[in-house]
K.L.:
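Submitted below is the structure of interest, expressed as structure tokens.
In what follows, chains carry the letters A, B, and so on, assigned in the order in which the sequence lines appear, proteins first and then strands, with residues in each chain numbered from 1.
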2 protein chains.
Amino acid sequence: MRFSVQAEEALRRGGRRITPMRRALLLLLEEKKPLGPRELHRELRRRGVLVDRVSVYRNVATLLSLGLVHRVLGSTAVRPCAQRSPSCHHAIVCTSCGAAREFRSGAVEKALAALRVRAPGFVVQGHLLELRGLCQRCTA
Amino acid sequence: MRFSVQAEEALRRGGRRITPMRRALLLLLEEKKPLGPRELHRELRRRGVLVDRVSVYRNVATLLSLGLVHRVLGSTAVRPCAQRSPSCHHAIVCTSCGAAREFRSGAVEKALAALRVRAPGFVVQGHLLELRGLCQRCTA
DNA sequence: GCGTAGATGCAACAGAGTTGCATCTAGAAA
DNA sequence: TTTCTAGATGCAACTCTGTTGCATCTACGC
Ligand SMILES: [Mn+2]
Ligand SMILES: [Mn+2]
Ligand SMILES: [Zn+2]
Ligand SMILES: [Zn+2]
């Protein structure tokens, strides 16, 4: 199902409202490239949605708190969460154009689960993992 | 070998100088807890090293560019690089006290290498991986 | 249509990091 | 030891990002 539709449902379920700005924001996020609050703000204005910076920040925070988007590691950009299931999933981000894509890998999950057991003096709770690479467009 | 000694050698090799502030900075970094530029600045001042914020920023940048420290994911804090070899190594960070430790895992390296092959439309170049957990002190 | 919880706009603020430039000094060479 | 200079530091001003408080507005359930 389309991200923006799912997201609107989740917002409703969470007692939040569907406003024109939120609709526009969700559509923007649906595109392949993760954007940070400032970029989202600029893009929205460019598209005629004359919204305040502060509101963009607040809406990004809302989407993050509902788990509808994830932050790209090492930046403030956010990307839609594709896998609605609560299971483990990771992303690969294009180092050239910034495009991101979520994926799952049993092998990686297994390796990380194994680490969880024989950790070097630590009790493992979780992890951050993100791949870097070149998307199809940027490879060609 | 001690981190600060290795680091001084690397600085010399890179044509950089060993200043009182750099010595103090390297000693600070040697402690288990990663700190960001502002925290490093505060700590240095507390210890009587009356240095300017800007210089701390510049020195952190220098150490990063020489690969002597790594940033903790999702923060500006840096931690010493323990494995001087160019091989793959990762860190685990205590969610309670912030202590960090580098480690290696053949299993994880293998799983990531495998991913590299059958990536979903991407040409994989690298990855970011960091574990989160509780260190020995914080577990007890 | 109402009423209200939730959303937005506006203005002021806070914090992190950067830049330019003058001055200083670590370390090498004489 | 003295001299020289590339590299390091201090200082001040600035930019950029994100936050807070409060008044106003509106989505949406009734
Ligand atoms: Mn996800
Ligand atoms: Mn390292
Ligand atoms: Zn790309
Ligand atoms: Zn700890």
K.L.:
Starting at CZ of A:R22 and ending at P of D:dT26, how long is that distance when rounded to a whole Å?
P.N.:
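That distance rounds to 15 Å.
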K.L.:
Is there a side-chain contact between B:V5 and B:L26 (heavy atoms, below 4.5 Å)?
P.N.:
no
K.L.:
In whole angstrom, what separates B:R23's CZ from D:dA8's P?
P.N.:
14 Å
K.L.:
May I have the distance from A:Y57 (atom OH) to C:dA14 (atom P), rounded to whole angstrom?
P.N.:
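Those two atoms, OH and P, are 17 Å apart.
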K.L.:
Does a side-chain N or O from B:T76 land closer than 4.0 Å to OP1 or OP2 of C:dA16, or not?
P.N.:
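For C:dA16, OP1/OP2 do not have a side-chain N/O of B:T76 under 4.0 Å.
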K.L.:
Starting at CG of B:L35 and ending at P of C:dA16, how long is that distance when rounded to a whole Å?
P.N.:
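Nearest whole value for this atom pair: 14 Å.
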K.L.:
Using the side-chain heavy atoms of B:V54, tell me which of these nucleotides is nearest: D:dT19, D:dA12, C:dG17.
P.N.:
D:dA12
K.L.:
On DNA chain C, compare the nucleotides closest to B:R53 and A:T62; which residue's is nearer the 5' end?
P.N.:
A:T62
K.L.:
Have a look at A:L11 and say if it touches a base, only the backbone sugar-phosphate, or nothing, with a 4.0 Å heavy-atom cut-off.
P.N.:
nothing
K.L.:
Could you pull out every donor-acceptor pair under 3.5 Å between side chains of residues 57-66 of chain A and any protein atom, sequence neighbours left out?
P.N.:
| unit_1 | atom_1 | unit_2 | atom_2 | d |
| --- | --- | --- | --- | --- |
| A:Y57 | OH | A:R38 | NH1 | 2.9 |
| A:N59 | OD1 | A:R22 | NE | 2.7 |
| A:N59 | OD1 | A:R22 | NH2 | 3.1 |
| A:N59 | ND2 | A:S55 | O | 3.3 |
| A:T62 | OG1 | A:R58 | O | 2.9 |
| A:S65 | OG | A:T62 | O | 2.8 |

K.L.:
Please walk me through it: do A:R46 and A:E43 pass salt bridge (charged side-chain N to carboxylate O under 4.0 Å, His left out)?
P.N.:
CA-CA 5 Å; A:R46 174 134 54 140; A:E43 264 313 303; 2.6 Å; yes
K.L.:
Measure CG/B:L63 against P/D:dG7 and give the value in whole Å, please.
P.N.:
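From B:L63 CG to D:dG7 P: 17 Å.
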K.L.:
For A:T19 and D:dT26, is the shortest distance between a side-chain N/O and OP1 or OP2 below 4.0 Å?
P.N.:
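A:T19 to D:dT26 OP1/OP2: no side-chain N or O under 4.0 Å.
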K.L.:
Given C:dG9, is OP1 or OP2 found less than 4.0 Å from the side-chain N or O atoms of A:S55?
P.N.:
yes
K.L.:
Could you tell me the separation between the CG atom of A:D52 and the P atom of D:dG18, rounded to a whole number of Å?
P.N.:
14 Å
K.L.:
Under 3.5 Å, is there a donor-acceptor pair between the side chain of A:R71 and the main chain of A:T76?
P.N.:
yes
K.L.:
May I ask you to say what B:G36 touches in the nucleic acid, namely base, sugar-phosphate or nothing, with a heavy-atom cut-off under 4.0 Å?
P.N.:
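It contacts nothing in the nucleic acid.
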K.L.:
In this structure, how many angstroms lie between the P atom of D:dT26 and the CE atom of A:M21, rounded?
P.N.:
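The distance from CE of A:M21 to P of D:dT26 comes to 15 Å, rounded to the nearest Å.
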K.L.:
With ring centroids as reference points, do A:H89 and A:H70 lie under 6.0 angstrom apart?
P.N.:
yes
K.L.:
If only side-chain N and O atoms of A:R17 are considered, is one of them under 4.0 Å from the OP1 or OP2 phosphate oxygen of C:dA5?
P.N.:
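So the side-chain polar atoms of A:R17 never come under 4.0 Å of the phosphate oxygens OP1 or OP2 of C:dA5.
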K.L.:
When the distance from CG of B:L64 to P of C:dT18 is rounded to whole Å, what number comes out?
P.N.:
11 Å
K.L.:
Quick one: on DNA chain C, does B:P37 or B:P20 contact a more 5' nucleotide (nearest heavy atom)?
P.N.:
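This one resolves to B:P37.
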K.L.:
Would you say C:dG15 has OP1 or OP2 under 4.0 Å from some side-chain N or O of B:R38?
P.N.:
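So the side-chain polar atoms of B:R38 never come under 4.0 Å of the phosphate oxygens OP1 or OP2 of C:dG15.
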K.L.:
So, does A:R58 get its side chain near the phosphate of C:dA7, meaning an N or O under 4.0 Å from OP1 or OP2?
P.N.:
no
